[in-house]
Colleague: 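Shown below is the structure under consideration.
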Amino acid sequence: MQAVALIDCNNFYVSCERLFRPKLNGKPVVVLSNNDGCVVSRSQEAKDIGIGMGVPLFTIEDQVKKHDIQVCSSNYTLYGDMSSRVHDSIAEFSNEIENYSIDEAFAILEVNRYSKPLFDSGLEIRKAVKAWTGIPTSVGIGPTKTLAKIGSKLAKKSSDGVFDLTNERVREEVLAKTSLVDIWGINVRTAAKLFKLGIQNALQLRDLDVRSARSALTVVGSRLVEELRGNPSIALEMMAPLKKTICCSRSFGGEVKTLTEMTESIINYVSTAAEKMRRPQLVANAIQVFIETNRFKEKGQYSNSATIKITPTDSTRELIGYATSILRHIYRPGYAYRKSGVILLGLQPSESETRRLFHEDTYLKDRKLMNAIDALNMKHGRQTVRFGMPLKREKAWTMNRNHLSPSYTTNIGEILRIRS
DNA sequence: TCTGGGGTCCTAGGACCC
DNA sequence: TCTGGGGTCCTAGGACCC
């Protein structure tokens with residue numbers, strides 16, 4: 001028999017900051033997003049004061065002063081590094097690990113009648129991660145990933161830091177007390193839908209017949225019900241699948257009103273995105289540029305995006321050229337812009353990487369084979385159409401971003417002129 | 001005045017083909 | 001008033017996650 005454990009770092013970013021600044025221990029601490037805009041991590045003390053997740057800093061300034069809350073800018077290099085150490089530590093305890101996010105990992109725990117109880121395994125992992133990395137964790141254990149997730153939430157509140165949901169009776173008790181939004185994959189919108197059907201807690205959802213779940217929430221719903229019943233329906237992904245998109249975007253510190261400044265930002269993002277793409281030897285199929293004004297303001301809104309097809313052989317310099325052309329095309333003067341970004345789409349392994357994958361003597365091959373074959377089949381001839389759009393339809397660009405700006409298309413001639 | 005960034009999956013429906 | 005049928009591919013948009 002097998003069980004799944006979810007090892008979840010407590011207040012991860014704050015815990016990382018505390019490792020290197022022990023003075024923060026025992027005090028309320030928050031870590032902020034880019035531009036020091038929003039709270040993205042809170043210490044227990046900060047949570048107890050009532051600081052919400054994701055709140056803008058300027059809305060809690062009174063509390064910061066009153067409670068002497070320690071405010072940190074984020075340092076993602078540090079968190080990434082600590083994350084690998086945590087994942088490496090967990091790998092000492094299981095051969096089947098999924099590094100699910102920067103602060104979480106699933107691990108398969110083997111159960112047999114001679115081995116120690118799962119609960120003790122949880123304690124052991126927790127203790128080791130703390131000793132080896134300094135990061136406190138919570139461990140949830142259950143027959144499925146969804147149940148392990150629920151367990152980890154309870155573990156955070158328990159004194160042991162471990163909660164085992166493999167026992168069916170315990171599970172039933174817990175599920176009856178678990179609200180819908182505390183289930184992995186259910187947010188307020190979905191919860192509201194279920195509420196209308198008379199479903200108010202995890203136990204009722206578990207006992208909903210699969211067909212109703214499917215008709216209300218599509219396949220996601222039926223998977224959820226199965227998971228809650230203890231039937232694994234969400235596989236453990238030991239190999240991180242290849243990325244399908246790479247995005248680089250930022251909100252500006254203030255308002256940006258000139259094409260020159262916008263162009264500078266776009267050039268930066270393309271360089272960063274291209275670097276992220278080339279390191280794992282990927283190539284992209286298309287590039288998208290988007291721009292937005294301040295979405296929190298009521299008036300003077302504009303946002304837009306456009307995508308063009310690119311080829312694997314395009315250099316970063318060429319990509320910058322395309323991206324700035326796209327920008328010129330979607331940019332409208334007279335607006336105060338707050339955000340811009342670049343997305344590389346349709347990522348595939350490069351040809352050399354594909355060859356390497358073919359020769360690689362591991363199960364890696366199976367997972368990547370489909371992508372690899374696609375990559376080999378990729379055309380190298382340059383086309384200026386958006387993907388999926390045949391040339392004859394003369395619909396190379398599509399402007400869509402949102403309701404604020406109408407969709408329209410331009411013809412190939414215009415694109416060529418812009419690109420040249 | 002100040003409001004993050006980077007992803008994935010699913011479905012409906014349009015466009016196209018024979 | 002009638003106006004095929006079956007299939008694929010693609011995208012936008014919704015929903016969710018950390």
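Values below: every heavy atom of this structure, side chains too, minus hydrogens, waters and symmetry copies. Every chain is numbered from 1 and lettered A, B, ... according to where its sequence line falls, protein lines coming before strand lines.
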Colleague: Would you mind checking if A/Glu104 and A/Lys149 are paired as a salt bridge, meaning a charged N to carboxylate O distance below 4.0 Å?
Modeller: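 Salt bridge flag = yes for A/Glu104 with A/Lys149.
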Colleague: One thing to verify: whether A/Arg18 and A/Glu45 come together as a salt bridge, which I'm taking to mean a side-chain N less than 4.0 angstrom from a carboxylate O.
Modeller: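 Looking at A/Arg18 together with A/Glu45, the answer is yes, because their closest N to O distance falls below 4.0 Å.
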Colleague: Within this structure, what is the NZ-to-C1' distance between A/Lys193 and B/dC10, rounded to whole angstrom?
Modeller: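 Distance, rounded to whole Å: 11 Å.
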Colleague: Over all strands shown, is A/Leu217 touching base, sugar-phosphate only, or nothing at heavy-atom distances under 4.0 angstrom?
Modeller: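 Nothing, no heavy atom under 4.0 Å.
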Colleague: Output the single nucleotide from B/dT11, C/dC18, B/dG5 whose closest atom is nearest the side chain of A/Asn34.
Modeller: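 Among B/dT11, C/dC18, B/dG5, the one nearest the side chain of A/Asn34 is B/dG5.
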Colleague: Considering just the side-chain nitrogens and oxygens of A/Arg223, establish if one lies under 4.0 Å of OP1 or OP2 belonging to B/dC9.
Modeller: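 So the side chain of A/Arg223 is outside the cut-off, no N or O lying under 4.0 Å from OP1 or OP2 of B/dC9.
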Colleague: Do A/Glu261 and A/Thr258 get their side chains close enough for a donor-acceptor pair, meaning under 3.5 Å?
Modeller: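 Distance-only check passes for A/Glu261 and A/Thr258.
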Colleague: Give a yes/no answer on whether the side chain of A/Lys243 brings an N or O atom under 4.0 Å of OP1 or OP2 in B/dT8.
Modeller: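 No.
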Colleague: Find which nucleotide of DNA chain B each of A/Gly254 and A/Val219 is nearest to by heavy atoms, and output the residue with the more 5' nucleotide.
Modeller: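 Looking at DNA chain B, the more 5' nearest nucleotide goes with A/Gly254.
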Colleague: Can you tell me which nucleotide in B/dG4, B/dG5, B/dG7 comes closest to the side chain of A/Cys247?
Modeller: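 So the side chain of A/Cys247 is nearest to B/dG7.
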Colleague: When all nucleic acid strands are considered with a 4.0 Å heavy-atom cut-off, which category describes A/Asp103: base, sugar-phosphate, or nothing?
Modeller: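 If one applies the 4.0 Å heavy-atom cut-off, A/Asp103 turns out to touch the sugar-phosphate alone, with no base involved.
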Colleague: Taking the side chain of A/Arg250 as heavy atoms from C-beta outward, which of B/dG4, C/dC17, B/dG5 is closest to it?
Modeller: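 From the listed options, B/dG5 comes nearest.
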Colleague: Would you say a side-chain N or O of A/Arg295 is under 4.0 Å from OP1 or OP2 of B/dG4?
Modeller: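 For B/dG4, OP1 or OP2 has a side-chain N or O of A/Arg295 closer than 4.0 Å.
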Colleague: If I pick the P atom on C/dG4 and the same atom on B/dG14, what distance separates them, to the nearest angstrom?
Modeller: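 That atom pair is separated by 16 Å.
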Colleague: Closest to the A/Lys149 side chain: C/dC17, B/dG5, B/dG4?
Modeller: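 Minimum distance to the A/Lys149 side chain belongs to C/dC17.
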Colleague: Roughly how many Å is it from CD1 in A/Ile102 to P in C/dC17, rounded to a whole number?
Modeller: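 That distance rounds to 18 Å.
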Colleague: Between A/Phe106 and A/Trp184, how do the two ring planes meet: parallel, tilted or perpendicular, split at 30° and 60°?
Modeller: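 A/Phe106 vs A/Trp184 ring planes: tilted.
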Colleague: Going by side-chain contact (heavy atoms from CB on, under 4.5 Å), A/Leu205 matches just one of A/Leu197, A/Leu175, A/Ile199, A/Thr178. Which one?
Modeller: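 One option only clears the test, and that one is A/Ile199.
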Colleague: If only side-chain N and O atoms of A/Ser249 are considered, is one of them under 4.0 Å from the OP1 or OP2 phosphate oxygen of B/dG6?
Modeller: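 For B/dG6, OP1 or OP2 has a side-chain N or O of A/Ser249 closer than 4.0 Å.
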Colleague: Which of these nucleotides, B/dG7, C/dC18, B/dT8, is closest to any side-chain atom of A/Lys244?
Modeller: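 That would be B/dT8.
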Colleague: Less than 4.0 Å between a side-chain N and a carboxylate O, is that true for A/Arg229 and A/Asp207?
Modeller: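 No, A/Asp207 and A/Arg229 are not salt-bridged.
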Colleague: A/Arg189 has an atom CZ; how far is it from atom P of B/dT11, in whole Å?
Modeller: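 Roughly 18 Å, once rounded to whole Å.
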Colleague: Under a 3.5 Å cut-off for both distances, is C/dC9 Watson-Crick or wobble paired, and to whom?
Modeller: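 Check on C/dC9: paired to B/dG14, both distances under 3.5 Å.
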Colleague: Please determine if a side-chain N or O atom of A/Asn187 lies less than 4.0 Å away from the OP1 or OP2 oxygen of C/dC17.
Modeller: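 Yes, because at least one side-chain N or O of A/Asn187 sits under 4.0 Å from OP1 or OP2 of C/dC17.
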Colleague: Any side-chain N or O of A/Thr245 under 4.0 Å from OP1/OP2 of B/dT8?
Modeller: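 Looking at the OP1 and OP2 atoms of B/dT8, one of them is under 4.0 Å from a side-chain N or O of A/Thr245.
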Colleague: When you get a sec, tell me which of B/dG7, B/dT11, B/dG4 is the closest nucleotide to the side chain of A/Lys276?
Modeller: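 Nucleotide nearest to A/Lys276's side chain: B/dG7.
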Colleague: Between C1' on B/dG4 and CG on A/Asp36, what's the gap in Å once rounded to a whole number?
Modeller: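 In whole Å, B/dG4 C1' lies 11 Å from A/Asp36 CG.
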Colleague: Using a cut-off of 4.0 Å on non-hydrogen atoms, how would the nucleic acid contact of A/Glu104 be classed: base, sugar-phosphate, or nothing?
Modeller: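 The residue A/Glu104 makes sugar-phosphate contact but no base contact.
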Colleague: Would you classify A/Ile246 as touching base, sugar-phosphate or nothing, given that sugar-phosphate means primed atoms plus P, OP1 and OP2, and contacts are heavy atoms under 4.0 Å?
Modeller: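 Sugar-phosphate only.
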Colleague: Answer yes or no: does a side-chain N or O of A/Lys297 lie under 4.0 Å from OP1 or OP2 of B/dT1?
Modeller: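 It does not, given that no N or O in the side chain of A/Lys297 lies less than 4.0 Å from OP1 or OP2 of B/dT1.
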Colleague: Using atom CG of A/Asn99 as one end and atom C1' of C/dC17 as the other, report the distance to the nearest whole Å.
Modeller: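 Result: 16 Å.
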Colleague: Please classify the nucleic acid contact of A/Leu32 as base, sugar-phosphate, or nothing, using heavy-atom distances under 4.0 Å.
Modeller: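 Nothing: the residue A/Leu32, judged by heavy atoms under 4.0 Å, touches no strand.
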